[in-house]
Amino acid sequence: MNRPGARLLRGALNQASLILFALVFAGFGSLSAKFLSPANLLNILLQSAPTVIVAVGMTFVLLTGGVDLSVGAVMFVGAALAGKAAPGGAGPAAAVGLMLAAGALLGLGNGFLVARLKVIPFVVTLAVMSIGRGFGLWLTETRALNLSNEFLQVGAARVLGVPVPVLLAGAVLVAATVVLGATPFGRQLYAVGQNAAAARRAGVNTRRILLIAYVLSGVCAGLGGFLSLAQLGAVSSKFGENYEFKAIAAAVLGGASLQGGRGRIFPGALLGATLIQAVENGLVILNADPYLYPLVTSAVIFLAVLVDATRTSLLAESHRRQIRVEP
Amino acid sequence: MKTYLRYAFAALLAGLALVGCGQSQPPAAPPGADRPLTFGVSFETLQTEYWIAGMDAIKAELSRRNIKLLAAIADGDANRQYEQVRNFITRKVDGIILVPKDAKTCLPMIKAAHTAGIPIVLFNRPCDPIDGFTPVAVVADNVALTRETVASLVERAQVGGGRHRAMVILGDLGDVNAVGRRDGFEAALKGREAVVEVVARVPSEWNQEKAQAGVVNALQAHPDIDFIFTSSDFLLPSIVSALKAAGKYHRTGETGHVWLAGFDGDATAYRLLTEGYLDATGVQDVYFEARQTVEAVLDLRAGKSLPGTILDPGFVISQANLQERAPRMWGAQVKKAP
């Protein structure tokens with residue numbers, strides 16, 4: 001394991017997200033000069049902003065060894081509430097409040113069931129996803145809700161030339177990086193994900209950590225949903241659909257492990273989310289055959305999961321005790 | 001105690017999830033020669049306004065004919081829909097109306113209904129032939145109606161001269177309706193390459209967020225796009241948002257107007273037509289389809305022979321004929337989009 005080749009491989013695997021990111025950008029950039037234009041790069045960042053935020057929340061949950069399949073439904077419930085409140089005069093400020101509150105509440109529900117009642121995260125969040133979608137459909141009566149221009153203005157607003165959604169995503173990234181890297185909560189989150197029993201024995205309140213992780217995921221889904229709503233200006237019954245897969249893919253592409261206990265918010269979630277968006281953006285710019293989209297996007301995600309599995313296996317091997325039998 | 005509580009919560013969650021997605025079933029009609037007929041109606045989803053309008057139109061048609069309704073929604077799950085059809089058969093319904101998920105998963109459902117001797121007709125989505133026979137389906141002529149809609153847009157656009165750069169927003173490529181609309185779009189532009197050049201084909205998977213990102217990307221790559229067709233009016237808000245962001249959202253006749261057409265005829269399309277932003281849309285005549293579907297089930301019960309496909313020709317509505325055709329446009333009749 002200490003051979004230079006193995007060290008190089010491990011180093012490459014640890015930087016896999018960055019390498020994949022560079023390859024995708026170099027590839028599309030070589031095929032079309034428009035892809036690397038500053039306007040398009042900013043466009044990719046703008047479109048990635050909601051995914052970045054939802055992926056940050058998802059990373060918190062993945063770090064605990066869990067998963068949150070309800071984020072798309074949380075986005076939909078929040079958007080449906082905002083859409084229903086809009087005709088009564090509720091503007092973007094009220095909408096963001098409603099969506100954050102809905103996210104926190106549903107996240108609290110997830111966290112309570114996972115942390116207190118020890119129900120498997122997959123089952124809990126799947127059920128909340130189903131209930132949330134049903135509730136949102138009931139709320140909207142499956143009618144499209146078109147919002148006022150105020151929402152689109154928020155989505156298109158810029159400060160010093162930088163779109164507000166990008167600034168918000170940046171703020172969330174910074175805050176989450178600080179929380180994970182420089183607070184006891186962050187360290188405890190990693191500890192719970194790596195070995196919950198050991199963390200409990202060491203005095204970590206694992207229930208509280210799990211609860212907070214799911215609440216943060218819900219809040220991030222609410223905020224991501226708001227940014228998505230501000231760019232779209234409408235709520236349909238499919239709002240947020242399959243977003244959970246996008247967020248999980250972004251987090252995993254960014255280096256978060258599905259096994260828990262490993263992953264970083266920065267640059268991880270940022271790289272993952274922009275990578276997914278960049279692939280779709282590049283394919284549109286090249287006017288690629290529409291049948292290629294799922295193939296190329298899935299191939300990139302599959303590659304990331306493969307790298308994660310290989311890295312996990314290599315790390316496990318390197319940590320195994322080396323016993324040499326003397327001749 | 002905690003373990004029991006945990007299991008109780010898990011059971012409650014599973015129960016809620018099932019109830020939330022399940023079918024609603026009023027009691028079966030009592031047996032008897034003079035009893036009213038009962039039809040089972042299973043929709044794959046109610047997640048778009050079109051399906052809601054379709055279900056409402058079928059309900060109204062059944063009610064008009066004094067036929068009882070057993071309704072079920074499969075929420076996109078073909079296995080669940082199969083169970084729903086089996087349930088209809090067990091309850092000995094007199095006919096089944098089905099909106100399948102796709103053209104393949106409906107095959108066992110149709111086989112089961114045939115074995116039980118219950119007539120079954122598909123609404124708006126066809127099924128593949130089965131053992132050399134094509135199940136009866138009432139469907140919009142997606143190819144022809146799209147071709148007609150896009151051709152009408154080309155005719156209007158070419159009046160001003162010049163070569164137009166076009167974008168098409170595609171639906172879910174696993175959906176035969178979406179594929180039909182794509183083929184209709186391509187057919188309309190065949191031989192007109194000198195007038196319209198397609199520079200962007202954006203897949204949406206019937207998802208507004210995906211469509212919005214795709215349209216923004218395409219406008220970024222080709223700022224001169226001035227001709228857009230969307231495979232469903234359901235995606236119009238995505239286009240409007242992207243056009244606004246690009247400063248290209250103008251009424252017909254205004255400088256910089258982007259020629260815009262859609263398909264379906266929903267409430268948003270109606271509003272955009274009245275406001276002058278949408279130029280045309282191909283309207284599926286949902287009332288015609290509902291009437292034909294119910295009639296087809298009754299005809300099959302009476303032993304009549306029917307063609308495998310009953311086509312809804314639909315119609316193209318534009319700003320020019322809006323007043324005349326709006327009464328037949330389902331989007332003009334349903335609750336208005338705000």
Side-chain angles (χ1 to χ4, degrees), chain A residues 32 34-35 37 39-40 43-44 46-47 50 83 86-87 113 116-120 123-124 126-128 130-131 133-135 137 141-147 149 152 155-156 228 231-234 236-243 277 280-291 293-294, chain B residues 2-3 5-10 12-14 16-21 45-49 51-52 75 170 173 182 198-203 205-218 220-222 234-238 240-242 244-245 266-268 271 334-338:
Chain A
S32 169
K34 283 176 187 167
F35 181 79
S37 69
N40 192 51
N43 175 40
I44 292 173
L46 174 63
Q47 290 180 350
L113 292 168
R116 297 291 301 186
L117 301 181
K118 307 258 185 300
V119 187
I120 302 165
V123 174
V124 170
L126 185 66
V128 171
S130 187
I131 293 165
R133 284 255 150 228
F135 178 68
L137 280 178
E141 301 170 78
T142 322
R143 310 284 181 203
L145 305 171
N146 297 317
L147 303 177
N149 256 341
L152 289 179
S228 194
Q231 288 180 43
L232 190 59
S236 78
S237 53
K238 293 197 169 187
F239 188 85
E241 196 175 61
N242 294 333
Y243 225 92
Q277 210 59 51
E280 294 190 355
N281 176 286
L283 290 169
V284 172
I285 285 183
L286 296 177
N287 194 16
D289 184 333
Y291 286 102
Y293 283 64
Chain B
K2 278 181 183 168
T3 310
L5 194 59
R6 198 180 310 151
Y7 286 131
F9 257 99
L12 179 66
L13 282 174
L16 278 172
L18 288 173
V19 168
C21 307
T45 178
L46 279 184
Q47 284 205 358
T48 68
E49 285 189 334
W51 295 125
I52 294 274
D75 282 333
L170 305 167
L173 293 170
R182 178 202 61 187
V198 184
V199 293
R201 292 173 175 81
V202 177
E205 296 172 20
W206 296 140
N207 181 311
Q208 283 188 336
E209 292 146 281
K210 215 174 174 66
Q212 195 262 352
V215 175
V216 169
N217 291 337
Q220 185 84 49
H222 307 282
F234 155 71
L235 302 172
L236 281 170
S238 309
V240 169
S241 146
K244 279 182 179 170
D266 73 8
T268 305
R271 180 171 59 80
V334 298
K335 192 195 280 185
K336 303 291 185 294

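The chains referred to below are lettered A, B, ... by the order of the sequence lines, with proteins before strands, and numbering in each begins at 1. All values reported here derive from a predicted model rather than from experimental measurement.
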Requested in this report: Name the member of Thr45(B), Thr48(B), Asp266(B), Val240(B) that forms the most heavy-atom pairs with chain A at distances under 4.5 Å.
Outcome: Thr48(B)
Query raised in the report: Out of Ser238(B), Ala211(B), Ala213(B), Pro237(B), which one racks up the most heavy-atom pairs below 4.5 Å with chain A?
Result: Ala213(B)
Query - Considering all heavy atoms, the nearest Gln220(B)-Ala39(A) contact - result: NE2-CB, 3.2 Å
Report summary line: Minimal heavy-atom distance between Lys34(A) and Ala221(B), with the atoms involved, is NZ-O, 2.6 Å
Given the options [options], which has more heavy-atom pairs under 4.5 Å with chain B than any of the others?
options: Leu232(A), Val284(A), Leu286(A), Ile285(A); value: Leu232(A)
options: Asn242(A), Asp289(A), Leu46(A), Asn149(A); value: Asn149(A)
options: Ser37(A), Pro50(A), Ser236(A), Ser32(A); value: Ser236(A)

Report summary line: Okay, Val198(B) and chain A: the region with an atom under 4.5 Å from a heavy atom over there is backbone
Report summary line: Turns out that what part of Trp51(B) lies under 4.5 Å from chain A's heavy atoms comes down to neither
Structural part of [X] lying under 4.5 Å from a heavy atom of chain B:
X: Gln277(A); value: side chain
X: Phe239(A); value: both
X: Phe35(A); value: neither

Query raised in the report: Can you check whether Lys238(A) reaches Glu209(B) side chain to side chain, under 4.5 Å on heavy atoms?
Result: no
Requested in this report: Among Leu152(A), Leu147(A), Asn146(A), find the residue that satisfies the side chain to side chain contact (heavy atoms under 4.5 Å, CB included) test when tested with Ser241(B).
Outcome: Leu152(A)
Query raised in the report: Would you find more than 12 non-hydrogen atoms of other residues, nucleotides or ligands less than 6.0 Å from Glu241(A) atom CD?
Result: yes
Report task. Compute whether any side-chain donor of one residue and acceptor of the other, for Gln47(A) and Asn217(B), lie under 3.5 angstrom apart. Result -> yes
